[in-house]
Amino acid sequence: MAVSDVLGVTASKYDTGEQMCPHRLVLEHVTSRWGVLVLIELLDRPYRFSELRRAIGRVSEKMLTQTLQTLERDGFVHRDAKPVIPPRVDYSLTDLGREAAEQVRGLALWTEVRMAEVQKAREVYDARKGGSDQG
């Protein structure tokens, strides 16, 4: 079954604009490198920005900010800014975000369980290709 069938998308499979394919854009946000990690981490509890950045690791401040803003815009993350000094901002999942995060975590757990098979397939492929990156 094609992705367009699953998502109910009738536009050309190469249309990537938000108006033409909003499903694909949301899927990209949820499954992006940092989106996956943010969603999974927020399943445990709300985090302050700096805590979340430490928990995820190797993400720049700018990239984490952009990821959180995107997930907030899509309705997955709630940003709670408290009017105190110093400013305190907590990030948590909305109900929609929790649902998406559970799905993403399921895929992440599946990859963890199946990693040995993936590694074996890579070794077989690399041996067949002579270790080159040429297709």
Side-chain angles (χ1 to χ4, degrees):
M1 180 177 280
V3 171
S4 60
D5 295 334
V6 172
L7 297 177
V9 177
T10 56
S12 165
K13 71 180 197 175
Y14 300 106
D15 290 335
T16 58
E18 185 173 0
Q19 292 179 339
M20 294 302 293
C21 194
H23 305 90
R24 182 177 294 180
L25 206 57
V26 172
L27 186 61
E28 286 177 16
H29 298 164
V30 170
T31 60
S32 71
R33 176 180 184 181
W34 303 116
V36 166
L37 297 176
V38 166
L39 290 171
I40 291 173
E41 202 61 46
L42 289 176
L43 269 171
D44 292 337
R45 65 177 177 85
Y47 278 87
R48 294 180 74 174
F49 183 89
S50 58
E51 292 177 313
L52 187 58
R53 187 168 178 218
R54 279 192 302 273
I56 291 172
R58 296 189 342 244
V59 60
S60 71
E61 187 173 317
K62 179 181 177 181
M63 193 75 247
L64 182 55
T65 297
Q66 288 176 349
T67 300
L68 287 165
Q69 288 173 344
T70 298
L71 294 173
E72 181 182 6
R73 181 173 183 249
D74 287 345
F76 299 127
V77 169
H78 174 72
R79 181 181 185 271
D80 182 21
K82 295 183 176 31
V84 295
I85 298 179
R88 179 183 173 104
V89 179
D90 292 309
Y91 294 91
S92 60
L93 293 175
T94 63
D95 289 341
L96 185 63
R98 183 161 296 283
E99 186 178 340
E102 292 287 352
Q103 298 296 319
V104 170
R105 181 170 61 180
L107 181 58
L109 292 172
W110 178 85
T111 59
E112 190 175 320
V113 167
R114 296 297 193 192
M115 195 60 219
E117 293 172 62
V118 170
Q119 188 59 41
K120 179 65 177 162
R122 288 176 176 175
E123 291 168 5
V124 168
Y125 177 90
D126 290 347
R128 189 174 66 240
K129 293 291 184 179
S132 74
D133 287 334
Q134 297 176 352

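For the single chain, residues carry numbers from 1 onward in sequence order. Only heavy atoms go into these numbers, but all of them, side chains included; no hydrogens, no water, no symmetry mates. Everything numeric here is computed off the predicted structure, so don't read it as measured data.
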Looking at residues at least two apart in the chain, or sitting in another chain, which of them share a side-chain hydrogen bond (donor to acceptor under 3.5 Å, both in side chains) with Glu117?
Arg114

Output all residues satisfying side-chain hydrogen bond (donor to acceptor under 3.5 Å, both in side chains) with Glu102, sequence neighbours left out; order by chain, then residue number.
Arg105

How long is the straight-line distance from [atom2] of [Y] back to [atom1] of [X], given to the nearest 0.5 Å?
| X | Y | atom1 | atom2 | result |
| --- | --- | --- | --- | --- |
| Phe76 | Leu42 | CZ | CG | 12.5 Å |
| Ile40 | Leu109 | CD1 | CG | 7.5 Å |
| Arg73 | His29 | CZ | NE2 | 7.5 Å |
| Leu37 | Ile56 | CG | CD1 | 6.0 Å |
| His78 | Leu71 | NE2 | CG | 14.5 Å |
| Trp34 | Leu68 | CH2 | CG | 12.0 Å |

Counting only heavy atoms not in Glu123 (residues, nucleotides, ligands), do more than 12 fall under 6.0 Å from its CD?
yes

Do Val89 and Val59 belong to the same hydrophobic cluster, where Ile, Leu, Val, Met, Phe, Trp and Tyr are linked whenever their side-chain heavy atoms lie under 4.5 Å apart, directly or via other members?
yes

Cluster overlap Leu27 with Val38, hydrophobic side-chain contacts below 4.5 Å:
no

For Leu96 against Gly75, the heavy-atom pair lying closest together:
CB-O, 3.8 Å

For Gly97 and Leu39, the nearest pair of non-hydrogen atoms, with its separation, is O-CD2, 4.2 Å

Please enumerate all residues that pass side-chain contact (heavy atoms from CB on, under 4.5 Å) together with Ser32, with sequence neighbours excluded.
none

Connected to Met115, directly or through other members, by ILVMFWY side-chain contacts below 4.5 Å are Val118

Just so I know, are the side chains of Val36 and Val30 near enough to count as touching, which here means a heavy-atom distance under 4.5 Å?
no

Tell me, do Leu52 and Glu41 make a side-chain contact under 4.5 Å, heavy atoms counted?
yes

Pairs touching residues 48-65 that satisfy side chain to side chain donor-acceptor pair (under 3.5 Å), sequence neighbours left out
none

Determine which pairs satisfy side chain to side chain donor-acceptor pair (under 3.5 Å) with at least one residue from residues 82-98, sequence neighbours left out, and list them in order.
Arg79-Tyr91, Asp80-Lys82, Lys82-Asp90, Arg88-Asp90

